[in-house]
Each structure stands twice: as C-alpha cells, then as structure tokens.
Amino acid sequence: MEGTFSKSLNSNQLEAVTYCDGPSLVIAGAGSGKTRVLTYKVAYLLEHGYAPYEILALTFTNKAAKELTNRVRELLPNNSERLMWCGTFHSVFSRILRIEHAALGFTSTFTIYDQEDSRKLIKSIIKEFCLDDKAYNVATVNSRISFAKNRIILPSDYEKNQDLLKRDARDNMPELHRIYSAYFQRCRNTNALDFDDLLLFTYLLLRDHEDICAKYQRLFRYILVDEFQDTNYLQSRILLLLAPSGNSRLCVVGDDAQSIYAFRGADIGNILSFQKHYPQARLIKLEQNYRSTQTIVNAANSIISHNKDRIQKNVFSKLSEGELIRVMSSYSDQDESMKVLKEILRLRSLYSIDYSDIAILYRTNAQSRSFENALNQMNIPYKVYGGISFYQHKEIKDILAYFRVICNPLDEEALVRIINYPTRGIGATTLTKLRYAAAQFQIGLWQVLKTPQNYEVKISASTQNKILSFISLIEELQESLSTMGAYDLASDVIKRSGIAEELHTEKTPEALSRVENVDGLLNSIKEFSQEQLESLGNEQVSLSDYLMQASLSSSQDAVADGVPAVTLMTVHAAKGLEFDTVFVTGMEDNLFPNPNARFYPKEMEEERRLFYVAVTRAKTRCFLSYAKSRYRYGSAEMCNPSPFLCDIDSQYLSYDDEDIFSAPRVSSKPHVTSIPSPAINRAARYSRIENTSSQNYTESSMFNVKVGSYIEHERFGRGEIIEISGEGSNARAKVKFENVGEKNLLLKFAKFKQVNG
DNA sequence: CGCCCGCCCGTTTTT
DNA sequence: CGGGCGGGCG
Ligand SMILES: Nc1ncnc2c1ncn2[C@@H]1O[C@H](COP(=O)(O)OP(=O)(O)OP(=O)(O)O)[C@@H](O)[C@H]1O
C-alpha cells in the first residue's frame, strides 16, 4: 500500500496525505489532485489505526460523498469505509440531530423543510401580519433569514442588530425581524427544521451541551473537509466546536479561486481564519495541474489574475501545450446549439472521442433547452444534470407530504398540502377558518382538525365529516408505521389516499409521466430499503428514514448511468468534474457574467471564478461560445460577447473568422449601454420595439488604430500601442500601459477608446 | 367548493 | 414562453 501511495502521488500530495499529527490546510489549484489526495488520505487513515467511524469526511454534495466512499473502496476492498461518517454537512448533521433530538426538544421524526416549504410558510406569515407582499418579496425575506442563520444571528439577536434593522428599513421591510421571529417559532412548533436549521441547531447543540459536544469531539478523531472555500461562517463555527484545540486532527482542502457559492453564504474568509484559529496548521499548496493542457491552464490563470481577492498560486501544467481555446460566434441561441453539435460531430470524426467525454456548460439552467432540441434533432445521446430534481415534482411532493404528516402530524406545510389533495371537499374557506383558529388558540392545525368544536370553528356537519374521515385515514396509516416497512406503507398511502385513482383517470401524456414518477418513487423506496439492509443490516426501514434521505437529496446527485451521452449542466454543477472537451456556452454580456452582478465588484469576482471553474474542467479542448441574439422570456434579444472573453490573454485564443464585419464589439462604455432591465424589456415587447440594444453595435472603424497611438482602456487605463499583428477579427495589439505594463489585447473584444497622446 | 381563465412575473447559481 | 396565483363564475 505504501508503495501505491508514493507511486500515485507527487511529494506535496504525499505530504498532504501522510501528515496527520495536527491541523492542515491544503490549498489546491484546479486539477491539482485534491480529490485524489482526499481519497488516499482516508485510505491512509484506515490503514493507520483509525476506525472508519472515527473519521468524519464532509463534502459539498451527496454525490461527492458517494464518490469518495466508492474510491476508497477501490483502494481498500475490505469494506472498512462502510461506517465512515461521510456526507454533506447537512446530511451528517441531520444524522446527529436525529440521535440527539431530545436535547433540543425535537422528536426524532422531525421534518426537513425544503425551500418551497420555507417560502410558503414565510408567505403565510406575511399575510397573517397583513404586510404588503410587494414590499416583502418572499425570496428576499427568505434569503435574509437564511443569511442571518448562517451568521448565527438568532431572532433575538436580529432584533437588536441596528445594522440589519436599518438595512431592512431602508429596503421597505422594517418588519422583517418580526417575520423571522415568527418563522423561527413556527418551525419549532411544527417540529420542523429548514436547511439552515440543520446547521444552526447542530451548532447550538454542541455549544450548549458540553457532554454531547465532548462525545463527538472524542468520536471524530480525524475530520476532513472538502471544498472548504465554499463553507460558510456557521459551518466553520461547528468545525471549531468539533475540533477546538490548536493541534486538532483536521484537514481542510480547498481552492479560493473556485469559491462560487457566496450567494449562499460561502465565505473565502474561512480559509484565512483557519490559519488564525489553528496557527500551527501545516499549509500545503498543490500547484501542478494534471488535468489540462498548458494552454488551458495558462488561459485560466490569466482569467483569475483579474481578481483582486485571491491567494497567490502558481498553477502549472506539464502536459502538452495543446490547442488554442476557440471562440465560437453564432447568430442566435439555436445557431449556437447547431454549431456546437456540428463541432462535436467533427471532433468525433477526427479523434476517438466518446460522447461522455464531452460537456456543454452554461450559466443558467434555462439555457439547456435549445441544446436539448438540437441534440434530439441530431439524435445525439445526452443527459441533462441539475434543474429540478425527481423529488421536486408536484406528484412526488404530494406523496412525500403524506409521508411527512404520518411521521410528524405537526408538519403544517405538508398537512396544508394534502388536506384537500385529492379533492375531498375541504376547500380554501374551511382551511382559512381552521388556520385562523389555530393561530387564535396558539395551537397546532392538527389539534384543531381533530377537535374543531373546541376552538369555535363554524363548519357544516358535512365538512366536519370529511375532516373526520381524513383524520382517521392518517391515523390508521400512522398505526402501520411501527408494523409495516417503508415500501408497503408507501404503497398503502398511494392507494388509500385516492392518489392512485386520481392519477389513473387522466390519460394525457403529462398524467402518464406522473404515474411513471410515482412508480419511480416506489422503486426508489425499495432500493433504499435494500441498501439499508445490505449496508447496515437494517431489516425494517422506516418511512422517516427514507424521508430524511429524500429531503436531503438534490438534483446534483444524479449519476451517469453508463450509457455514453453528452453532459449538459450548469457551471456550478460541473465543479469538481472533468471532461476531455468542454463547451462553455452563452458567453454573453447579459448572461455570463450574470447582469445582476454587474455593479457589485465582489459578485463580479465570483462570476469570474465561475468562468475559471468552467474553463478548468477541460482536459484537452475548450470552446467558448456566444450568440448575438437569444430568446429570453419568449422574445428575441440582442446580445454582446461577454467581457470575460477579454480577460483571457489573447495568445491562448483563436476564433471563428466568418463574421469579421458583423461582429459586435464589446462596448467601451458599459455604463451607458447597460443591458435592458426586465422592466424595459417588457415595455419593449409591448411597444414592439425589437433589438433594444442596437446602440451597442459599433462600426469596424475601431480597427483604425496604429502603432504609436494612445488608448484609454476600461481597466488598464492609458497606454501606447507598440505593436499590431493579425488581421480582421484576429487583429491584436501589444500595448504598453502606464500603470500595468505590457498587455496583449484582442481588438475585437478589448474595451478601450482612442485618446490623444 | 372547485374549476378555469387570464394576468403577472421571472432567471442566476443550490444544500 | 410557462408556471403560479388570484379573481370570477358555475
Ligand atoms: N500525482 C498525480 N499523477 C497523475 N495524475 C494525477 C495526479 N494527481 C491527480 N491526477 C489527475 O489529475 C486530475 C485532476 O485531479 P482531481 O480531480 O483530484 O483534481 P482536483 O484538485 O479535485 O480538481 P478541481 O479542484 O479542479 O476539481 C485527475 O484526472 C487525476 O487523476
């Protein structure tokens, strides 16, 4: 085994794997083998006296966790990885919360609210408080509550935090703290935790219960954290509780240049504060990229060099120089899809390249559509990852809501969802009355349902009967909870609730796909039960075990099924993956970078890191593609190439020549030519003004620059042109800038204007 | 109470 | 364009 280690790892990687005496921080560039290091490190620990259950390995997605265990299994085929604590922060901590629920006053069958549940609850609170739901945008309220939780600001802290209160007041949401308070309380009352609570309550559990904290400190003799750059403050505080001492055995691995989840609270500052908390931490840098050609690595380096906020790294590749990165231009999104597919076919005719070696990446999920259409037309196999997950389909959520109410009758979001599904005559009016009573008497909805007469609810006898029969249905199913396995109970639910009948009456294609999904759900329960039996010897898998894993699984967890297919996914979803050939599509000014980031330098840097991640997924070939018009909200919109294209040192680029004269140029005055806002866009639609951004077009007279003339560049400032090479859209200029030295600019993309010497 | 039609809004990215 | 929601009617 020792031999395998030194053969498969370079000396820095080997150090990262074998240094186990104290904390370590592995700063790893893209493709430098951090996944490999983590795998070998776990194997190393298991070979050096650590029991699997003493190892806590925290990953970013469930898929990454699964892959880590699978790879360890390949290295050590003795099943020792089985009992390792390996999973996302959320899934590992929900396991702990289930064990320790009593200390916090939850039951072990607590519900996990997903974002939809959270938002519905917030919405109903806004209504209850008679607040204007225009001013109190549900998504905004939700995200502010989430940010507060991730900064460990409880409702009682929020009320005292003048900065937050001022900010809310400034944004016309002065009552936000009251919504937060109510939301917090309602979750507690309904025995429910949202995603952030899984972390927050773990933190509170460990902070306030010394004995429990000590137990887990002792249990987890070694802690590994993958994708450390995307952890948030709350997560770092939990780690600090689990590994409090300066010489704790804790190894975190990350790349600040690949931090792309700040919108969710991730904080690169965690990397810096790690060294503060653990001053003796060993810092190991991995800088050799084993994945990509030199051209790709160097191009990526030139992208990230435009960011101020970063840790200096010298990522290099010793693989071949490789091909230039090709910039493809198209007339429309449809044209873009066709061009990309033609290129795929061309590559396949030239090289032995499999469909599964190819990825089409994009900034937003909505962009997959035109590619899917084209791929279907051309009969090319493909798989779209991400988007809405299986568990987010309405019919699935409805059934899961039954499961939830059966396991946890206090779960109000689930109860409201199914009380009249399938329709059983308990309509909106009745529900309003019931909810009103529940609020008046400060009591759960379930309680009101059971004995409405006790709470002054005025409803007809027939409605009363309908409620009664619904209650007894749920109670009967609850009784089966202890006697039936998850699968049998689930089948029962689907039959007895009337869902089966409801779904089978319709014969539309959509209805058929719903039936298929429900069958899929039953299958997945069967599989889950099987897995639990095999790995843990768990004979009777309960419905609430299944619910927990269902609530925590996401669309990112889907795995390739072995059928060779082109991969379609967002750049976010591609993090950690690699492909021989990568197409980064939609490289446009109003799309990538996302227009909302435009005026926020921090967010622009995150968009740039995202671009960095995209390019570094490629092993051999990388293409950057933009379209000049794109369908958005149903109508065509003109677009300009992304400013990110000129972040890449032009020596690594080549591009399609076909439209030298019609090529739109990135404007030198981005402030004037800002993208149309959705509001303007809508106005344009109504007044039938197409081409709202035509002012962005500039005649090719811009190529009228010569050696010796002076320019003012958007970012680099003033400079003198000292050399011109290439022709048409290939023309480039070497410019000597007064402040930043010499740069190579591609005239087609560079943002500058001519000035007088 | 339930269904249907029409309007409005959106879109980052996800555990 | 398409999903979600509210208003109005049967
Ligand atoms: N020492 C090594 N020798 C040869 N190949 C290596 C070595 N280390 C890693 N690799 C290869 O380099 C590629 C990238 O490794 P890995 O996926 O572990 O990188 P990473 O740091 O996780 O990348 P990223 O952060 O960009 O997702 C993989 O194909 C891996 O097999």
Side-chain angles (χ1 to χ4, degrees), chain A residues 58-65 87-94 112-116 118-120 123 127 133-134 137-139 143 146 149-150 193-199 227 230-232 234-235 259-266 361-370 385-389 391-392 394 420-432 459-460 462-463 466 551-557 569-575 586 590-598 603 606-607 609-611 613-614 630-637 675 677-679 681-682 685-686:
Chain A
L58 296 166
T59 60
F60 191 72
T61 59
N62 295 302
K63 186 176 160 197
T88 62
F89 278 81
H90 292 85
S91 78
V92 168
F93 294 157
S94 61
I112 297 171
Y113 276 178
D114 67 8
Q115 184 165 289
E116 190 188 337
S118 298
R119 291 196 174 176
K120 280 187 175 169
K123 195 164 204 173
K127 252 206 191 125
D133 62 359
K134 293 261 163 14
N137 176 288
V138 179
S143 100
S146 168
K149 286 183 177 176
N150 283 305
L193 286 87
D194 68 17
F195 279 124
D196 304 312
D197 288 337
L198 293 175
L199 306 178
E227 310 279 14
D230 282 321
T231 55
N232 64 35
L234 176 52
Q235 288 167 326
S259 171
I260 53 175
Y261 283 92
F263 72 89
R264 210 176 82 180
L361 306 183
Y362 35 77
R363 179 64 182 83
T364 63
N365 282 306
Q367 288 166 254
S368 71
R369 237 204 172 86
S370 55
Y385 292 82
I388 70 155
S389 87
Y391 295 105
Q392 286 173 311
K394 265 189 294 305
N420 199 31
Y421 176 81
T423 44
R424 49 172 69 85
I426 309 173
T429 327
T430 308
L431 186 56
T432 310
I459 38 175
S460 69
S462 86
T463 310
K466 288 168 186 159
S551 308
L552 291 168
S553 72
S554 81
S555 55
Q556 300 305 305
D557 302 330
M569 55 171 61
T570 63
V571 182
H572 280 92
K575 185 170 78 154
N590 55 353
L591 192 57
F592 195 4
N594 186 283
N596 299 343
R598 173 170 284 219
E603 290 181 30
E606 175 145 317
E607 293 290 316
R609 291 193 293 270
L610 194 56
F611 184 35
V613 169
R630 182 173 292 279
Y631 267 89
R632 274 190 142 194
Y633 302 127
S635 62
E637 210 177 272
I675 358 90
S677 72
N681 183 25
R682 214 162 289 128
R685 190 158 84 221
Y686 293 136

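Each chain gets a letter, A, B and so on, in the order the sequences are listed, and its residues count up from 1.
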Self-check item: Test item: side-chain donor near acceptor, A:Ser118 and A:Gln115, under 3.5 Å
Solution: no
Practice problem: Give one of base, sugar-phosphate or nothing for A:Phe60, where a contact means two heavy atoms less than 4.0 Å apart. | Solution: sugar-phosphate
Practice problem: Verify the contact: side-chain N or O of A:Asn365 to OP1 or OP2 of B:dT14, cut-off strictly under 4.0 Å; return yes or no. | Solution: yes
Taking only N/O atoms, report every protein-nucleotides 1-7 of chain B pair under 3.5 Å with atom names and distance.
from  : atom 1 : to       : atom 2 : distance (Å)
B:dC1 : OP1    : A:Gly427 : N      : 2.8
B:dC1 : OP1    : A:Thr430 : OG1    : 2.5
B:dC1 : OP2    : A:Thr429 : N      : 3.0
B:dC1 : OP2    : A:Thr429 : OG1    : 2.3
B:dG2 : OP1    : A:Gly425 : N      : 2.9
B:dG2 : OP2    : A:Asn420 : ND2    : 3.1

Practice problem: Just compare B:dT13, C:dG2, C:dC5 and give me whichever is closest to any side-chain atom of A:Arg369. | Solution: C:dG2
Exercise. Under the salt bridge (Lys or Arg N to Asp or Glu O under 4.0 Å) rule, collect the residues that match up with A:Glu227, sequence neighbours excluded.
Key: A:Lys34, A:Lys575
Exercise. Give the nucleotide from the list C:dC5, B:dT14, B:dT15 with an atom nearest to the side chain of A:Lys123.
Key: C:dC5
Exercise. Please report, rounded to the nearest Å, how far the C1' atom of C:dG4 is from the NZ atom of A:Lys127.
Key: 12 Å
Practice problem: Under 4.0 Å between any heavy atoms, over every strand shown, what does A:Tyr261 touch: base, sugar-phosphate, or nothing? Just pick one. | Solution: sugar-phosphate
Exercise. Would you name the heavy atoms of A:Thr463 and A:Gly425 that are closest together and state the gap between them?
Key: CG2-O, 4.4 Å
Practice problem: Mind calculating the distance between NZ (A:Lys63) and P (B:dT14) to the nearest angstrom? | Solution: 12 Å
Self-check item: Residues A:Tyr261, A:Phe60; criterion side chain to side chain contact (heavy atoms under 4.5 Å, CB included); working and verdict
Solution: CA-CA 11 Å; A:Tyr261 283 92; A:Phe60 191 72; 3.4 Å; yes
Quiz prompt | C:dC1 phosphate, OP1 or OP2, under 4.0 Å from A:Ser635 side-chain N/O | solution = no
Exercise. Scan A:Lys120 against the nucleic acid and name what it touches under 4.0 Å (heavy atoms): base, sugar-phosphate only, or nothing.
Key: nothing
Self-check item: Passing candidate, side-chain hydrogen bond (donor to acceptor under 3.5 Å, both in side chains) with A:Lys149, options A:Asn232, A:Asp197, A:Asp196
Solution: A:Asp197
Quiz item: Which heavy atom of A:Glu607 sits nearest a heavy atom of A:Pro593, and at what distance?
Solution: OE1-CA, 3.5 Å
Exercise. Check the distance between B:dT13's P and A:Asn594's CG and give it to me in whole angstrom.
Key: 8 Å
Quiz item: Looking only at side chains, do A:Gln392 and A:Asp114 share a donor and an acceptor under 3.5 Å apart?
Solution: no
Quiz item: Within this structure, what is the NE2-to-C1' distance between A:His572 and B:dT13, rounded to whole angstrom?
Solution: 4 Å
Practice problem: Determine the contact category for A:Asn62: base if any of its heavy atoms lies under 4.0 Å from a base atom, sugar-phosphate if only primed atoms, P, OP1 or OP2 are that close, otherwise nothing. | Solution: nothing
Quiz prompt | Nearest-Å distance for atom pair NZ/C1', residues A:Lys575 and B:dT13 | solution = 11 Å
Quiz item: How many Å lie between OH on A:Tyr391 and C1' on B:dT15, as a whole number?
Solution: 15 Å
Exercise. Round to the nearest Å and state the distance from A:Lys394 atom NZ to C:dG2 atom P.
Key: 14 Å
Practice problem: Give the rounded distance in Å between these two atoms: CZ of A:Arg632 and P of C:dG2. | Solution: 17 Å
